[in-house]
> 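Here's a structure for you.
Every number for a ligand or one of its atoms is a count from 1 in the order of the listing. Residues take their numbers from the sequence shown, with the count starting at 1.
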Amino acid sequence: MKLLEEKIKKDGRVINDNVLKVDSFLNHQIDPQLMNEIGKEFASSFAAEGITKIVTIESSGIAPAVMAGLYMNVPVIFARKRKSITLTDDLLTASVHSFTKNETNELAIAGKYLNENDKVLIIDDFLANGEAALALVKMVKQANASVAGIGIVIEKSFQPGAHKLKEQGLRVESLARIASLSNGEVTFITEKME
Ligand code: 5GP
């Protein structure tokens, strides 16, 4: 997605060879116009899949997921990271380790929001090692719902996540695919490289 790549080039900050900071438009301050375009793009990519629900993780997945939900006209569920006192019975759960924050979180979704008839689109902000996406897949499966695909805003293609998910037969659509963050520079995957 050209608009997103331009935004990453202009406003993204390469922290090191593995981490990209996009706090000015996705992870802290949010650019609603860009989120709108992202939502439209996900909706058109997955239009043929008969999606009934979108599942994401708080907090950075919520903005792109809500915009996709608006265009697809389906509800958006975000997995909560901490146990909530209002989130009690019939939970779908998984734990996820974040390499960027070096912490493990327990994720939970109330079982009543997903059922065996649901076709779920999973959306997240970044795909790195695939831990977060796989935890969401696990929770969707606990509900006996099916995963129709995974929509990622920024895929770091030099890390193993995309490969791991595709290996499981999952359809992954990433709007920006980064080949490398070496030398403080963002290099995207071009069609020529594939
Ligand atoms: P994974 O579970 O695929 O290893 O990592 C996905 C999660 O880690 C994303 O939800 C995102 O919050 C975080 N993450 C991974 N890599 C990056 C990165 O380069 N920059 C930012 N801002 N977050 C990242």
> With atoms numbered from 1 as shown, which atoms in ligand 1 lie under 4.0 angstrom from a non-hydrogen atom of E131?
1 (P), 2 (O), 3 (O)
> So, 4.0 Å and heavy atoms of K156: is ligand 1 close enough to count as a contact?
yes
> Just to confirm my output: which protein heavy-atom neighbour is closest to atom 8 (O) of ligand 1, and how far is it?
T100 OG1, 4.0 Å
> Taking the side chain from K164 and the backbone from N129, do they hold a donor-acceptor pair closer than 3.5 Å?
yes
> Closest non-hydrogen protein atom to atom 5 (O) of ligand 1, residue and atom name please, with distance?
A128 CB, 3.7 Å
> Is it the side chain (CB and beyond), the backbone, both or neither of N129 that lies under 4.0 Å from ligand 1, heavy atoms counted?
both
> E106 and R80: salt bridge (Lys or Arg N to Asp or Glu O under 4.0 Å), yes or no, with the steps?
CA-CA 8 Å; E106 291 301 319; R80 293 187 161 187; over 6 Å; no
> Are any side-chain N or O atoms of K53 and backbone N or O atoms of I77, one a donor and one an acceptor, separated by less than 3.5 Å?
no
> Select the closest option to atom 20 (N) of ligand 1 among L20, L127, T56, judged by heavy-atom distance.
L20
> Side chains of Y71 and N36: donor-acceptor distance under 3.5 Å anywhere?
yes
> So, E6 and K2, do they make that salt bridge, N to O below 4.0 Å?
yes
> Which protein non-hydrogen atom lies closest to atom 24 (C) of ligand 1, naming both residue and atom, and how far is it?
F126 CG, 3.7 Å
> Hey, could you give me the CD/CG distance between E41 and L175, rounded to the nearest 0.5 Å?
6.0 Å
> Ion pair present between E5 and K7, side-chain N to carboxylate O less than 4.0 angstrom?
no
> Please could you name the atoms of ligand 1 that D124 approaches to less than 4.0 Å, counting only its heavy atoms?
9 (C), 10 (O)
> Does even one non-hydrogen atom of D125 get within less than 4.0 Å of ligand 1?
yes
> Is G130 in contact with ligand 1, taking contact as a heavy-atom separation below 4.0 Å?
yes
> At less than 4.0 angstrom from any non-hydrogen atom of A132, what atoms of ligand 1 do you find?
2 (O)
> For N144 and N115, does a side-chain donor sit closer than 3.5 Å to a side-chain acceptor?
no
> Report, in ascending order of atom number, the atoms of ligand 1 lying under 4.0 Å from any heavy atom of N18.
19 (O)
